[in-house]
Amino acid sequence: MYCFRTIDEPSGLTFTSTVRPGEVRVVTLVGDIDAATVGTLEEALATGERLVVDLTRVAFLSCAGVRSLLEANTRAEVAVVAGGHAVTRSLEATGADLLLDIHPRVGDAIANLTPVPEPGREA
């Protein structure tokens with residue numbers, strides 16, 4: 001079963017949050033992440049212990065956005081899907097690419113997260 005929630009932010013950033021099997025929350029962002037919209041990013045990253053952050057439809061990622069991703073990575077298991085050159089460049093320029101788990105596709109990111117053992121089964 002998939003649960004999702006979409007938030008429309010008039011400032012130019014939207015996100016959809018979907019819960020996938022294995023308690024993985026996939027957050028897909030669309031728009032620009034900058035000082036005006038970083039609050040929306042932080043809201044999107046606020047819940048979940050296993051997050052896949054899909055940035056393939058993000059055109060701009062500011063240092064404030066990178067900082068929010070790094071902060072989320074300290075409290076949760078985070079995998080980032082970076083598609084565009086601007087996002088990749090921001091992650092590389094700040095060194096965040098060395099600290100975050102980055103993947104080219106959502107499926108790869110989900111597969112790389114630590115599996116959650118099923119109840120009644122040992123890992």
Suppose we screen for side chain to side chain donor-acceptor pair (under 3.5 Å). Which residues come up paired with S68, at least two apart in sequence or across chains?
E42
Linking I/L/V/M/F/W/Y whenever any side-chain heavy atoms sit under 4.5 Å apart, do V81 and F15 land together?
no
For residues V80 and L29: do they belong to one hydrophobic cluster (side chain heavy atoms under 4.5 Å, members Ile, Leu, Val, Met, Phe, Trp, Tyr)?
yes
Within the 4.5 Å heavy-atom criterion, are T94 and C63 side-chain neighbours or not?
yes
Could you work out, with side-chain contact (heavy atoms from CB on, under 4.5 Å) as the rule, every residue matching A72, not counting sequence neighbours?
L45, R75, V78
Does I102 share a hydrophobic cluster with I33, counting links as ILVMFWY side-chain heavy atoms below 4.5 Å and allowing steps through other members?
yes
Identify the heavy atoms of A76 and G48 that sit nearest to each other, and give their distance.
CB-O, 3.6 Å
Which side-chain N or O atoms in residues 86-93 pair as donor and acceptor under 3.5 Å with protein atoms at least two apart or in another chain?
unit_1 : atom_1 : unit_2 : atom_2 : d
T88    : OG1    : G84    : O      : 3.0
S90    : OG     : L61    : O      : 2.6
S90    : OG     : A86    : O      : 3.2

If two hydrophobic side chains count as joined below 4.5 Å and joins carry through other members, does V27 share a cluster with V66?
yes
Once salt bridge (Lys or Arg N to Asp or Glu O under 4.0 Å) is applied, what residue pairs with a partner in residues 95-108 remain, sequence neighbours excluded?
R105-D108
Just list the side-chain donor-acceptor pairs under 3.5 Å for residues 51-60, sequence neighbours left out, or say none.
unit_1 : atom_1 : unit_2 : atom_2 : d
D54    : OD1    : T56    : N      : 3.0
D54    : OD1    : T56    : OG1    : 2.7

Nearest heavy-atom approach of R50 to E23 is CB-O, 3.8 Å
Counterpart residues, side-chain contact (heavy atoms from CB on, under 4.5 Å), relative to E49 (two or more places apart):
none
Does L99 have any side-chain contact (heavy atoms from CB on, under 4.5 Å) partners at least two apart in sequence or in another chain, and if so, which?
L70
Results of side-chain contact (heavy atoms from CB on, under 4.5 Å) for T47 - residues two or more places apart only:
R25
Hydrophobic cluster of V30, others only, ordered by chain and residue number, side-chain cut-off 4.5 Å
none
CG/L69 to CG/L41 distance, rounded to the nearest 0.5 angstrom?
5.5 Å
